[in-house]
Amino acid sequence: MSDVLLTIRDLKIEGRSDEEWMPIINGIDLTLHKGEVLGLIGESGAGKSTVGLAAMGYTRDGVRISGGSVEFDGVDLVNAPLMKKRALLGKRIAYVAQSAAASFNPAHKIIDQHTEGPVRHGVMSEGESARDAMDLYERLRLPNPEEIGFRYPHQVSGGQLQRAMTAMAMSCRPDLIIFDEPTTALDVTTQIEVLAAIRDIVDQFGTAAIYITHDLAVVAQMADRIKVLLKGDEVEEAPTREMLDHPQEEYTRSLWAVRSFKRPAKPVPAGDATPVLSVQNVDASYGVTQVLFDVSFDIHQGRTVAVVGESGSGKSTTARCITGLLPPTSGVIQLDGEDLPLDYRKRSKDQLRQVQMIYQMADTALNPQKTIGEIIGRPVEFYMGLRGKARRDRVAELLNEIEMPPEQYIDRLPSELSGGQKQRVGIARALAAEPKFIICDEVTSALDQLVAEGILKLLARLQDDLKLSYMFITHDLATVRAIADEVVVMKDGEVVEQGPKADMFKPPHHPYTDLLLSSVPEMDPDWLTNLLEARGRENIGDAAVGRMDD
Amino acid sequence: MSSLLRIIAQRLLLGVLTLFIVSIIIFTAVNMLPGDFAQAILGQSATDEAVAAIRRDLGLDQPPITRYWVWLTDTLSGDLGTSFAQANFASFTGSETGGGTTVMAQIAPRFENTLFLAGVTALIAVPFAVGLGILAALFRNSAFDKGSNMFALTSISSPEFFVAYILILFLAVLNPILPSLSNIYEGMGFGERLQKTLLPALTLTLVVTAHMMRMTRAAIISLLASPYIEMARLKGMKPMRVIVHHALPNALAPIINVVALNLAYLITGVVVVEVVFVYPGIGQLFVDSVKIRDIPVVQACCLIFAAAYILLNLMADILSILSNPRLRHPK
C-alpha cells in the first residue's frame, strides 16, 4: 500500500474571459503523501488557489479543468460523478479559506456550521460533533471553548474565526486540508497564534495539507516541501530547507531577494529645523468614541516617517485628521510651522495642494470611467491652473516620472492597467498637485512583493528628486525597514514609541514594539518553533497583546 | 436589543408622520375633483338654491382648512363621518340628517372581504412564488428556469381581466370546478366563501407571482458567489441545502420587501378583478364613491389604502432588520 494520497498529473485549467477560454494552469504535476504538508507559493495570478481548489475536484464559475488528472486516494476527481465528489468534500478533503469572516455564513451560529459536515456526512451525531468541536476549540487554544461556538461569526474576532474555521475543517477528521492563504488577512501578532494552532493540529492528527500563500516566511514555517508557481507554470519544487538554502531558479531567487531592498540612512535634520508637518497633541473621536489620544509627531523635509501598528490602532484615522477629513476634537496640525485649519473645508486651495494622499486600494481610488490622462489632468488643472497643451504636457511629464510612457498609457482606462501600474497612477495624481507632503496609506499591501518593491523604489527616487516628505502608513515591518527614516508605533489610538529607525530596530524598546518586531515571520524554518519556545505557548497573539495593557 | 426597539419606534413614528402628510394630499386631491356631490347628485337641471342647500347641509360651504380640520379630528377620534350618498336627502324636507349610514358601517364589511381575498391570495401566492424562485435559482439557466420566468412574465404582462377570463374559461366554463361569480354575502359559511373566493385569488396569484419569484431568484443568485456559499459547497453540501439553508436566510431582506409591496397591492389595487368576479371588495366601493363624489367614503378609502401601504412596508422593514443576525445579536 503506497502512502500517496493525492496525485495531480499534467493538470490544465482554463478560465473564460469575453467568451474565450484562456489557459490559467498549463500542466502541473503534484504528489502529496499522507501526513505531508506542501507549500504552494507564487504571486497573485500564479494560479495557486485554482490549483488548491482543483485538488478538491472543484472549479469556480467560469473556470474548467481542460486536461490532466486529479486522483485522490484512488478516486478520479476530474471525472467522478458529483454525488461521489460531494461524499468526499468536507469529509475526507476539507478547505480553509482566506477570509474566515466572509466564509462563515453570517446567518448561522459557528457551532451549527461546524456540526453540519459531520451530521450530513453521517460521521457523527450532532451532539457528538458539538462536543468534539469544543475539544478542537480547546486544542486550537480558542478562549472559552465551551461557549465560543454558540456565537454568530460577527461576534468573534478575525484570528479566532480563522481558528474556528480550521476546527470546522477538522470536524470530519479529513485526510487532506487545503489552506488557502489562511493568515493573509490577519495582523502579524494574530498570525502567529493561527500559524501555531494550524501547525499543531495538523501534526496531532497526521493530516496532509496543501498550504497556499504568497508569503515565503510563512510557508517556511508550515511546509515540508515547497512548490513555486508562476503564471500557471511550475518554477521548481524542493524540500523546504533545500529550497530556502539553494533556490535553483532565477525567479525563486528574485522572490527571496525582495526583502533586501533598503535605503541608505539620511542625515539627521538640524535640531531647530521647522518640520514640514507637525502633529501636536491630537485627539479625535468617531461619534462619542474617542479613537486618538494625544498623538504627536513631526515630519521633516525629504524624510519618511513610517506609522506602524495593527488594524484598529489609529494609523488611518491619524491620516484622516491630517487631511482634515476628520477634524480632531483637540490639538494642532501645522504645515511649515503654520496652523492648518482642522476642517479641510476651511483650508485654502494652496493648503489643500500641499497635503496629498495615495491610497491602499488603487482599484477603488481611480475613477473607472476616466482615462489616465483625465485622472492625472484633473489636479493639474485644479491646483496648477494649466489647460490645453500645457496640461497635456504636464500629464506626459508626470507619466514619464512614474516610468509609464505617456504615448502608451495616456488614453487607457484604469481597468486596462495592472495593479502596480494603477498604484503608479495614484502616485502621479498626488504628484500633480506638486505637494510638499504625501500620505501613503498601505500603498504596497495589496501588491505582490516584486511589484511592491518597484513602487517603494519609485517613491524613494521621487523623494530624492523632489524633496518630498512622506507619512508611510503600514503594518508591514519589512517595508518599514526598507524605506523609513523615523518610525512611529501606534496602539489603540496612542503613540507608544517613536524615534529614528536605527533605534527602533535595536533593543531595548517598548514591549509592544518588541512584540510587533518579533512577530514578523522570518525565512528560517525554525523561527516559529524557536519563538514559541522563547515566548511560551500562552504568550502569543491576543494574549500577548492583552498583556501589554496591564 | 434596545437599539432594535429604538429603530422600530423610529419607524413607527415616521409611519404616523407619513400618514399625516398623506392625509393632507388625499384631502387636497379629493377637493380638486371637478364638481362636487351636490352637483353630481342633482344633475344638470339643479337649481342654484338646491345645490347651495345640500352644500350647506353637508358642510361643503365651509373653507377647505376648516373642513380638513373637522375631518382630521373626527378621523382621529375614530369617526370617519357619514356617507353623503346614504346621508338621505333630509335637507330637502328640512328634517334631521340622522338617518344616514356611517362611512364605517359602509366600509367595514367591504374591507373585511378585501382582506379575506388578499389573505387567501397571499397564502397561495407567497409560498408558490418563493418556492418557484428557489427552484429557478437552483436550476438556473435550465429549461425549468427559463420556463418559469416566461410563465411569470407572461402572467404579469397580461391585463388582469384577461387573466381572469382565461381562468374563468378553463376553471368555470370548460371544467366547471369553481364558480365564476364571487357574490359573497354576510353570514356565508367559511367553506363556501373560500370556494367563491378561489378564482379571483388564483387570478391575483398569477398577477403577483412574477415580482416575488424573480426577486427570490435574483436575491439568491446574487449570493451564490459569496465565499460562504463556496464553503458550503466545499463541505460537500447538496445544492438544495446550499440554497435553502445557506443562501436563503441571507437573501430574506429583499424578498420580504417585495412580498410586502405585493401584499399592499392586493389590498389597494384589485378593483379590476373585483369587477370581473363581482366580488364585493373595497375597490368597487371606492370607484363607485368617486363617481358620485361621495367624499367621506373616498377619503376614508384612500386613508385605508395609505395606511395599508405604510403598515406593510413598516412590517417589511422590521422583518428585514430581524433577519439580520448582526442586529439581532449585537457584539
Side-chain angles (χ1 to χ4, degrees), chain A residues 49 52-53 55-62 82-110 112-123 150-157 165 168-169 171-172 174 177-178 180 185, chain B residues 1-4 6-7 130 134 136-142 145 216-256 319-331:
Chain A
S49 295
L53 289 171
M56 307 180 75
Y58 179 88
T59 52
R60 294 198 166 128
D61 286 344
L82 279 173
M83 287 278 285
K84 201 165 179 188
K85 264 202 269 190
R86 271 205 295 274
L88 289 177
L89 290 184
K91 188 179 177 187
R92 298 199 57 203
I93 316 176
Y95 181 72
V96 175
Q98 172 166 1
S99 167
S103 294
F104 268 114
N105 191 327
H108 301 293
K109 288 180 184 159
I110 293 170
D112 294 336
Q113 302 188 48
H114 182 105
T115 57
E116 185 182 18
V119 171
R120 295 274 146 185
H121 287 298
V123 177
F150 295 93
R151 297 196 210 162
Y152 283 85
H154 70 270
Q155 295 172 310
V156 175
S157 78
M165 173 154 289
M168 185 161 85
S171 63
C172 294
I177 301 184
I178 314 291
D180 192 353
Chain B
M1 216 53 200
S2 68
S3 69
L4 197 61
R6 199 165 55 234
I7 294 174
V130 172
I134 290 174
L138 184 63
F139 302 112
R140 62 193 170 288
N141 304 328
S142 69
D145 181 20
T216 305
R217 178 183 180 276
I220 289 177
I221 286 180
S222 75
L223 291 177
L224 291 185
S226 347
Y228 59 84
I229 296 297
E230 179 166 85
M231 193 53 160
R233 289 186 182 141
L234 291 173
K235 277 159 76 180
M237 295 301 122
K238 297 196 176 81
M240 193 61 179
R241 184 171 171 85
V242 170
I243 294 223
V244 174
H245 187 76
H246 289 277
L248 189 60
N250 294 292
L252 281 179
I255 298 175
I256 290 171
L319 286 176
S320 309
I321 292 170
L322 285 177
S323 78
N324 182 345
R326 283 168 198 278
L327 287 165
R328 247 183 312 134
H329 308 276
K331 285 202 177 193

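Side-chain atoms are counted along with the backbone in the values below, which use heavy atoms only and exclude waters and symmetry mates. Naming: A, B, ... by sequence-line order, numbering from 1 per chain.
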Open item on the list: Between B/H246 and A/E116, do the side chains contain a donor N or O and an acceptor N or O under 3.5 Å apart?
Closed with: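 B/H246 and A/E116 do have a side-chain donor-acceptor pair below 3.5 Å.
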Under 4.5 Å heavy-atom distance to chain B, tell me which part of [X] shows up: side chain, backbone, both or neither.
| X | answer |
| --- | --- |
| A/M83 | neither |
| A/A102 | both |
| A/I178 | neither |

Approximate separation, where rounding is to 0.5 Å, of [X] [atom1] and [Y] [atom2]:
| X | Y | atom1 | atom2 | value |
| --- | --- | --- | --- | --- |
| B/R233 | A/L82 | CZ | CG | 11.0 Å |
| B/K235 | A/C172 | NZ | SG | 9.0 Å |
| A/D112 | B/H245 | CG | NE2 | 7.0 Å |

Is there side-chain contact between [X] and [Y], with at least one heavy-atom pair below 4.5 Å?
| X | Y | value |
| --- | --- | --- |
| B/R328 | A/Y152 | yes |
| A/Q113 | B/M231 | no |
| B/R326 | A/Q155 | no |

- [ ] Could you tell me which of A/P106, A/A87, A/A107 has the largest number of non-hydrogen atom pairs under 4.5 Å with chain B?
- [x]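 Heavy-atom pairs under 4.5 Å are most numerous for A/P106.
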Open item on the list: Which heavy atom of A/L53 sits nearest to which heavy atom of B/L234, and what is that distance?
Closed with: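 In this case the closest contact between A/L53 and B/L234 is CD2-CD1, 3.7 Å.
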- [ ] Of all the heavy-atom pairs spanning B/P239 and A/R86, show the shortest one and how long it is.
- [x]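 Minimum heavy-atom contact is CD-NH1, 3.5 Å.
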Open item on the list: So for B/R241, is it side chain, backbone, both, or neither that comes closer than 4.5 Å to the heavy atoms of chain A?
Closed with: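 The answer is the side chain of B/R241.
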- [ ] Report, as yes or no, whether the 6.0 Å neighbourhood of atom CZ on A/R120 holds more than 12 heavy atoms from other residues, nucleotides or ligands.
- [x]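 No, the 6.0 Å shell around CZ holds no more than 12 heavy atoms from other groups.
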Task: Main-chain N/O of B/P249 paired to A/H108 side chain as donor or acceptor, under 3.5 Å - done: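 Judged by distance alone, no pair lies under 3.5 Å.
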